[in-house]
J.: 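Following this message is one structure expressed as structure tokens.
As a basis for the values below, the full set of heavy atoms in this structure was taken, side chains included, without hydrogen atoms, waters or symmetry mates.
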Amino acid sequence: MPREVELDITGMTCASCSARIEKKLSRLDGVAAVVNLPLETAHVVIDSDLHDDEITAAVAKAGYAATVRGPAGGSEDSGGSDDSGPEIVDYDPRHLRPRFIGSLILAVPIVAISMVMGWHFAGWQWIAAILALPVVTWGAWPFHTAAFKAARGGSTTMDTLVSVGIIVASGYSYVTLGRALAEGYGWNVPGHYHVWFEAAAAITVFLLIGKLTEDRAKTRATAALKALLDLGAKSATVLRAAGTSDSPDGDDSSVDVSASGPGAEASARSSRTEVEVPIDQLRVGDVFLVRPGEKIATDGEVQSGHSAVDESMLTGESVPVEVAPGDSVTGATINTSGVLEVRASRVGADTTLAAMADLVSRAQTGKPAVQRLADRISAVFVPIVFGIAVLTLLIWGLTTGEWAMGLHAALTVLIIACPCALGLATPTALAVSSGRGSQLGILVSGPEALESTRSIDAVVLDKTGTLTTGVMSLTGSELSARDFATLAQLESRSEHPIARAIVDAAAADLSASADLDTGASLTDFENIPGGGLRATIDGAEVLAGRPDLLRERGITVDYAAGSVPRGATIIALAIDGEFRGLSFVADEAKPSAAEAIAELHSLGLDTVLLTGDNAQAAEVVAESLGIDEVRADVRPEGKVSVIAELQQRGRAVAMVGDGINDAAALAGADLGIAMGSGTDAAMAASDITMVKSDPRQIPQAIRLSRRTLGLIKGNLFWAFAYNTAAIPLAAFGLLNPMIAGTAMAFSSVFVILNSLRLLRFE
């Protein structure tokens, strides 16, 4: 069974770095890896017996350091060689800032005395040489160390281009001064001894400020995910029986306040203690206390207390939700008023918050096809650039005899070609998009989902719980009080909205309640997906569901079409193979459903209502919302067939649903969109999850995905166009190395700032 590992990686500076690490890891037996440059992480899938230390050792051999991220988001163990530390931290912004400030102070006079002819004085070249030495060594050290690491690993990166360019420019200049000194010129160097200290110093300064700006922008791009990861509580107040150990290992020590009656509950309350434990020591079954203003430690069920919970981090809604005993609550939401006692139902990586963070992180880590193309080009780009630079030098020198000008042009090629923007074009846009999506309550599983939205031309929507409120109520029944009580007994085993409506109606109906035998024996319960329920109650076989379900089992179901309330869902009941009658339930369309459908149409998408409900109920909803096509009375396997049929007709289909019976259709569609109020199975099978369960999020998610994909393509286009146009200009000697360094740094900053526009998406 494959296992997954998340790595935190230090030392990456460009797309070539991430590509090298991916290549090293993927060469290991049974390992597949995707590295994220802005997040400085790697998602590794291991289908072999390799240990974590072997994974981190492979990263160390590539010249970087890696730590395995622990369950709580921290680091479990460290990898990498001991000598990698000083070289890696050079790209830490805290180290870049003093290098930038120092280099800037020294570079200003270097550029001034070199570029302004009127300021030339005897020996100005030597002053420039002295001032440039700390700039091209200490100031440019991050680029040199990164290039050395790559060379030691037998490869090249974008930093190799930068480092070689700075070394060539400054080295040539120092050799020139040495030659002038050897020829007896001393302090007063003639003008034809050309030096390029201003180019080397300016390139260093521009690239350092580019790196600082990149880091600040990348921090903004990933801030949403980091904020999401930081939302969780750090500790929990666990209620334990007095005298028990504080050890988290035993669930028996947690107090059960709902044991058996008021007396037992009062006794339990009086004999318990409150123990503050770190969040990673909380266990399923523990009962913990949540005071007003505190975060709920983890997902659980309220055992006692009443309060209002602020779920804005989960749903984006500012109005708190009232909770009482029996209600579910989500970790990281905030208790606003009363004191709650909650029994933990999910902890650690199984919580809703962890699932959200995982989806957001995976979305940022993956790569769409457009970026995979860029990666393939980037892998061979650096060697090609070196080849072009050498050819430029040789052609200039051999054809014109201007070796100095040839070196000038070759140096400019090295600097202008550095394709850092290519490496940032996609991951930065994905980071901003997934972060903004999580703020809006839209969780995208990965970049493949982004690409799917581009081709989608039809949206298939489930009805109950997706477009309608899902809060159904009984609108009529032909059953006797006893038969209706039997139906309610059967439906009490189901959580479906229709079942809830039947049970609630029976509880409110005194005549039915009188016939409801709470001690009746119910066995062999079976949930028939998309069809109904079956069980044995006091020895009688009871079947309830769609009329067609009963007919398929040989039961005659007769009723007049006019007797069915318009828009109602029909529940037929049979006992021991005999049809007993019908009941009718209905729900209302969500207030925002019509607006959502209209926006989908404005995006050029056709809409199809796909439901297991009867045709009349489906058509009423479709008519009120303006949906193009209706497919009713469709069972779960039939939903998959409808999706396949549309695809065979050449349609690219998005499926929106929320139930277990929608899971297969969600997985089979080109794009699966699950409503957050739905089942775990539906969300697991989907590409996009709508946390708020608001239909308006459906077109919003499609718009966000399309905007992101368009922005990625724009980033890649400008990055490619920049390099394609600039390299010939540099080779022909039409660019100054200093200007080339400025342009190269600006291209990376432009890509990041362009991606940050997604932060304003609504």
J.: Under the rule for side-chain contact (heavy atoms from CB on, under 4.5 Å), what residues qualify as partners of L133, not counting sequence neighbours?
T.: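 side-chain contact (heavy atoms from CB on, under 4.5 Å) check on L133 returns T137, Y174.
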J.: For A389, which residues count as a side-chain contact (heavy atoms from CB on, under 4.5 Å) partner, sequence neighbours excluded?
T.: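 For A389 the side-chain contact (heavy atoms from CB on, under 4.5 Å) partners, ignoring immediate neighbours, are A410, V413, L414.
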J.: Under 3.5 Å, side chain of S114 to main-chain N/O of V111, donor-acceptor pair present?
T.: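 A pair under 3.5 Å: no.
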J.: Specify the closest pair of heavy atoms between T392 and G406, including all atoms of both residues, with the distance to one decimal.
T.: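 What the structure gives for the nearest pair is CG2-O, 4.3 Å.
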J.: Donor-acceptor check, side chain of T41 to backbone of D8, threshold 3.5 angstrom: yes or no?
T.: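 No, because the side chain of T41 does not come within donor-acceptor range (under 3.5 Å) of the backbone of D8.
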J.: To check you understand the geometry: which heavy-atom pair defines the closest contact between P142 and G139, and what is its length?
T.: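 Here P142 and G139 meet closest at CD-O, 3.5 Å.
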J.: Of all heavy-atom pairs between Q125 and V189, which one has the smallest distance, and what is that distance?
T.: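 Scanning both residues completely, I find the closest heavy atoms to be NE2-O, 3.2 Å.
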J.: Quick one: CD1 on I388 to CD1 on I727, what's the gap to the nearest 0.5 Å?
T.: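 Here the rounded value is 5.0 Å.
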J.: Return the CH2 to CH2 distance between W187 and W124, rounded to the nearest 0.5 Å.
T.: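 Rounded to the nearest 0.5 Å, the CH2-CH2 separation comes to 12.0 Å.
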J.: Nearest 0.5 Å, please: how far is CZ in F761 from CD in Q439?
T.: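 The CZ atom of F761 is 12.5 Å from CD of Q439, to the nearest 0.5 Å.
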J.: Show the nearest heavy-atom pair for residues S48 and D29, with the distance to one decimal.
T.: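 Residues S48 and D29, closest heavy atoms: OG-O, 2.7 Å.
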J.: Do any side-chain atoms of residues 395-402 form donor-acceptor pairs under 3.5 angstrom with protein atoms, and if so which ones, sequence neighbours left out?
T.:
unit_1: W396; atom_1: NE1; unit_2: A731; atom_2: O; d: 2.9
unit_1: T399; atom_1: OG1; unit_2: I395; atom_2: O; d: 2.3
unit_1: T400; atom_1: OG1; unit_2: W396; atom_2: O; d: 2.5
unit_1: T400; atom_1: OG1; unit_2: E402; atom_2: N; d: 3.1

J.: I want to check something: taking the side chain as every heavy atom from C-beta on, are E4 and V44 in contact at a cut-off of under 4.5 Å?
T.: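 With C-beta onward as the side chain, the pair stays apart.
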J.: Any side-chain heavy atom of T67 within less than 4.5 Å of one from T56?
T.: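 No, side chains not in contact.
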J.: With a 4.5 Å cut-off on side-chain heavy atoms, are S163 and T145 touching?
T.: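 No, too far: nothing below the 4.5 Å cut-off.
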J.: Mind checking whether E762 and R436 have side chains closer than 4.5 Å, heavy atoms only?
T.: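 E762 vs R436: side chains touch.
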J.: Contact between L208 and F143 at the side-chain level, heavy atoms closer than 4.5 Å - yes or no?
T.: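 Sidechains of F143 and L208: in contact.
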J.: Do you know the tightest heavy-atom contact between F197 and S170?
T.: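 For F197 versus S170, the nearest heavy atoms are CE2-O, 4.1 Å.
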J.: For the atom pair CD (E54) and CD1 (I46), what is the distance rounded to the nearest 0.5 Å?
T.: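 Answer for the CD-CD1 pair, E54 versus I46, is 9.0 Å.
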J.: Testing the basics here: between A42 and V35, what is the closest heavy-atom pair and its distance to 0.1 Å?
T.: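 Scanning both residues completely, I find the closest heavy atoms to be CB-CG2, 3.9 Å.
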J.: With H51, which residues qualify under ring-ring contact (aromatic ring centres under 6.0 Å, His included), at least two apart?
T.: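 Testing H51 for ring-ring contact (aromatic ring centres under 6.0 Å, His included), a comparison that skips the adjacent residues, returns none.
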J.: Would I9 and I21 satisfy side-chain contact (heavy atoms from CB on, under 4.5 Å), going step by step from the backbone distance to the final call?
T.: CA-CA 10 Å; I9 299 176; I21 296 172; 3.8 Å; yes
J.: Output yes when R3 and D52 qualify as a salt bridge under the 4.0 Å nitrogen-oxygen rule, no when they do not.
T.: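 Salt bridge: yes.
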J.: I'd like to know whether CH2 of W119 has more than 12 heavy-atom contacts from other residues, nucleotides or ligands below 6.0 angstrom.
T.: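 At most 12 heavy atoms, drawn from other residues, nucleotides or ligands, come within 6.0 Å of this atom.
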J.: If I take atom CG from residue L177 and atom CH2 from residue W126, how far apart are they, to the nearest 0.5 angstrom?
T.: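 The CH2 atom of W126 is 4.5 Å from CG of L177, to the nearest 0.5 Å.
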J.: Using side-chain heavy atoms (C-beta onward) and a distance below 4.5 Å, is V5 in contact with I55?
T.: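 No, side chains not in contact.
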J.: Not counting sequence neighbours, which residues clear side chain to side chain donor-acceptor pair (under 3.5 Å) with R703? List them please.
T.: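 For R703 the side chain to side chain donor-acceptor pair (under 3.5 Å) partners, ignoring immediate neighbours, are E599.
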J.: Angle between ring planes, W141 versus H144, binned at 30° and 60°: parallel, tilted or perpendicular?
T.: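 Ring orientation of W141 relative to H144: perpendicular.
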J.: Go through the structure and list residues passing side chain to side chain donor-acceptor pair (under 3.5 Å) with T708, not counting sequence neighbours.
T.: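 Listed in chain order: S433.
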J.: I'd like to check the side chain to side chain donor-acceptor pair (under 3.5 Å) partners of R757; sequence neighbours left out, ordered by chain and number.
T.: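 Here the qualifying residues are N754.
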J.: Has the side chain of H43 got a donor or acceptor atom that lies under 3.5 Å from a matching backbone atom of A33?
T.: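 Not confirmed, H43 side chain does not pair with A33 backbone.
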J.: With sequence neighbours excluded, what pairs up with E183 under the side chain to side chain donor-acceptor pair (under 3.5 Å) test?
T.: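 Side chain to side chain donor-acceptor pair (under 3.5 Å) list for E183, sorted by chain: Y193.
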J.: Any side-chain to backbone donor/acceptor pair from E198 onto I110? Under 3.5 Å, distance only.
T.: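 Absent.
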J.: Test of understanding: with side-chain contact (heavy atoms from CB on, under 4.5 Å), list the residues that count as partners of S455, not counting sequence neighbours.
T.: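 Scan of S455 (side-chain contact (heavy atoms from CB on, under 4.5 Å), adjacent residues dropped) gives A652.
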J.: Testing V34, V45, V31 one by one against L25 for a side-chain contact (heavy atoms from CB on, under 4.5 Å), which residue passes?
T.: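 By the side-chain contact (heavy atoms from CB on, under 4.5 Å) criterion, L25 pairs with just one of V34, V45, V31: V31.
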J.: CG of L7 to OH of Y64: how many Å apart, nearest 0.5 Å?
T.: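 It comes to 14.5 Å.
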J.: Test of understanding: with side-chain contact (heavy atoms from CB on, under 4.5 Å), list the residues that count as partners of V135, not counting sequence neighbours.
T.: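 S103, L106, A201, T204.
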